[in-house]
Amino acid sequence: AMPIALRLVALAALLISVASPVHAQSYVWSLPAWLPPPPVPADNPMSVAKVELGRRLFFDQKLSGPSYISCSSCHMPEHAFSDPRHPSVGVTGGKIRRRAPSLTNVGYRETLTWADHRVTTLEDQAHQPLFRADPPEMEANGHEASVVDRFEHDSTYRQLFREAFPEKGGTVDFDQIIKALSAYQRSLVSFTTPYERFRFGGERDALSEQAQRGEKLFFDAKLGCATCHAGATFGPLARTLLPDAAPVVYANAGLYDLDGKGAYRAIDRGLVESSARPEDMGRFRAPGLRDVAKRAPYMYEGSFSSLEAVIDRYY
């Protein structure tokens, strides 16, 4: 007969083989039936463990070079993951020229940042706040080894990295950090507001009569609100998901005209900086309006303190 010790080892091996480790758990999207999940890169699949690691990193100050601000310092959950300050402030106290945009439904966007059509994935975008030097935001550049060391010498994080990236064996690098942050950001979806309950759920009392009148005005072609903030999501969805989704719109909000020809301030001229096309002067990506009531002030540089002020400016 097999010795007791060997039987215990064999039973343990069997139990391990049939267990479902955290890193293997499929990520389950909590979305309405009409909406597909956001696109996910083939080299960064979603998992429960990866999203949890990304969530912890997002709120951890140890991710910044000097170790005293986090991603959530500028993307605050109570403000729909945006920044009520205008402009946002980096780790050294320097002012960032634009407000940190909301991350609500960010996984659905075909382009990221306010005015750079070349940044199309969250993985690419993450390099900017982490490593940009002028002005520094999180200032991980020059502190890469220290940042990695903080997580590798934390037993909780070593386990989290091992579960999220089992092929790495618990080691830590910025590739994993960026992929985990991106996975967490893709999980930030918002489609359960009173508007959805009214429009798609059949709850006729979920929206006030005044808001229903506002919906008719919003989608009225004469006013044109939906030209830039289109569809039921009030912003562009990736067209790979829905063929009839609205395209990304870069619009000139008309905030400046310094030379009578539409010139903007030299500090921030919009899409023209990345496209080099004169007609892109002053054009910025039209944001989605999901959770917009939580996101004051408004515009890329915080020009308006209320939704009423924005509407008054254009109508």
Side-chain angles (χ1 to χ4, degrees), residues 27 29-32 34-46 50-51 54-55 58 71-72 74-77 79-83 88 96 98-130 132 137 178-193 195-196 225-253 270-271 273-275 280 283-292 294-295 298-301:
Y27 186 79
W29 297 94
S30 179
L31 297 170
W34 58 270
L35 183 69
V40 176
D43 64 347
N44 191 20
M46 297 286 285
K50 195 180 295 182
V51 171
R55 183 188 69 80
F58 188 89
C71 302
S72 64
C74 291
H75 296 282
M76 306 177 192
H79 295 281
F81 292 91
S82 69
D83 191 348
S88 298
I96 310 303
R98 299 169 184 163
R99 290 186 61 233
S102 170
L103 298 181
T104 301
N105 298 330
V106 68
Y108 287 100
R109 298 176 190 164
E110 288 193 326
T111 64
L112 302 164
T113 80
W114 281 105
D116 191 341
H117 65 289
R118 299 167 298 184
V119 183
T120 59
T121 70
L122 288 166
E123 288 79 5
D124 286 343
Q125 190 279 329
H127 287 82
Q128 296 191 12
L130 284 171
R132 178 185 288 146
E137 295 186 33
I178 287 172
K179 285 180 176 177
L181 286 171
S182 300
Y184 171 63
Q185 290 178 77
R186 288 189 177 95
S187 77
L188 301 177
V189 296
S190 173
F191 289 103
T192 57
T193 66
Y195 181 75
E196 275 83 31
C225 302
T227 301
C228 293
H229 307 286
T233 62
F234 301 103
L237 284 176
R239 281 169 285 178
T240 54
L241 298 177
L242 298 176
D244 58 348
V248 177
V249 174
Y250 290 94
N252 190 327
L271 186 62
E273 295 179 1
S274 60
S275 73
D280 287 335
R283 289 184 178 176
F284 293 85
R285 182 177 54 80
L289 301 185
R290 184 65 52 185
D291 295 332
V292 69
K294 301 177 182 178
R295 289 161 39 191
Y298 301 101
M299 315 306 286
Y300 70 94
E301 30 70 292

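One is the number of the first residue; the rest follow in order along the sequence.
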Does a side-chain heavy-atom distance below 4.5 Å link T113 with Q125? yes
State, yes or no, whether a side-chain contact exists between Q128 and L112 at a heavy-atom distance under 4.5 Å. no
Shortest non-hydrogen pair, A126 vs I178, comes out as CB-CG2, 3.9 Å
Would you say P287 and Y298 make side-chain contact, with heavy atoms under 4.5 Å? no
Within the distance-only criterion (no hydrogens, no angle test), does the side chain of W114 pair as donor or acceptor with the backbone N or O of R99 below 3.5 angstrom? yes
Quick check: does any side chain N or O of N105 sit under 3.5 Å from a backbone N or O of S190, one acting as donor and the other as acceptor? yes
Shortest non-hydrogen contact from P38 toward R186: CG-O, 4.0 Å
Short question: side chain of K50, backbone of K179 - any donor-acceptor pair under 3.5 Å? no
Roughly how far, to the nearest 0.5 Å, is the CG atom of D280 from the CD atom of E273? 11.0 Å
Using every non-hydrogen atom in the two residues, find where T120 and H117 come nearest and quote the distance to one decimal. CG2-O, 3.7 Å
Could you tell me the separation between the NE2 atom of H127 and the OG1 atom of T121, rounded to the nearest 0.5 Å? 9.0 Å
Given 3.5 Å as the limit, does a donor-acceptor pair link the side chain of D83 with the main chain of A100, or not? no
Side-chain heavy-atom pair L181, L122 within 4.5 angstrom cut-off: no
If you measure from the Lys or Arg side-chain nitrogens to the Asp or Glu carboxylate oxygens, is any gap between R290 and E196 under 4.0 Å? yes
Distance-only side-chain donor-acceptor flag, Y250 / T111, under 3.5 Å: yes
From L289 CG over to T104 OG1, what is the distance, rounded to the nearest 0.5 angstrom? 11.5 Å
Side-chain contact, heavy-atom cut-off 4.5 Å: H75 with P101? yes
Y300 vs F284 aromatic rings, parallel, tilted or perpendicular, using cut-offs 30° and 60°? parallel
Is the shortest heavy-atom distance from the side chain of C71 to the side chain of Q185 under 4.5 Å? no
Are L188 and V106 side-chain neighbours, meaning at least one heavy-atom pair lies under 4.5 Å? no
For P37 and L31 the tightest heavy-atom approach is CA-CD1, 3.4 Å
Between OH of Y184 and CZ of R55, what distance do you get to the nearest 0.5 Å? 7.0 Å
Provide the closest heavy-atom pair for V249 versus C228 in the form atom of the first, atom of the second, distance. CG1-SG, 3.6 Å
When you measure from the side chain of S102 to the backbone N and O of A80, does any donor-acceptor pair fall under 3.5 Å? yes
Taking all non-hydrogen atoms of both residues, which atom of V189 and which atom of S30 are closest, and how far apart? CG2-O, 4.3 Å
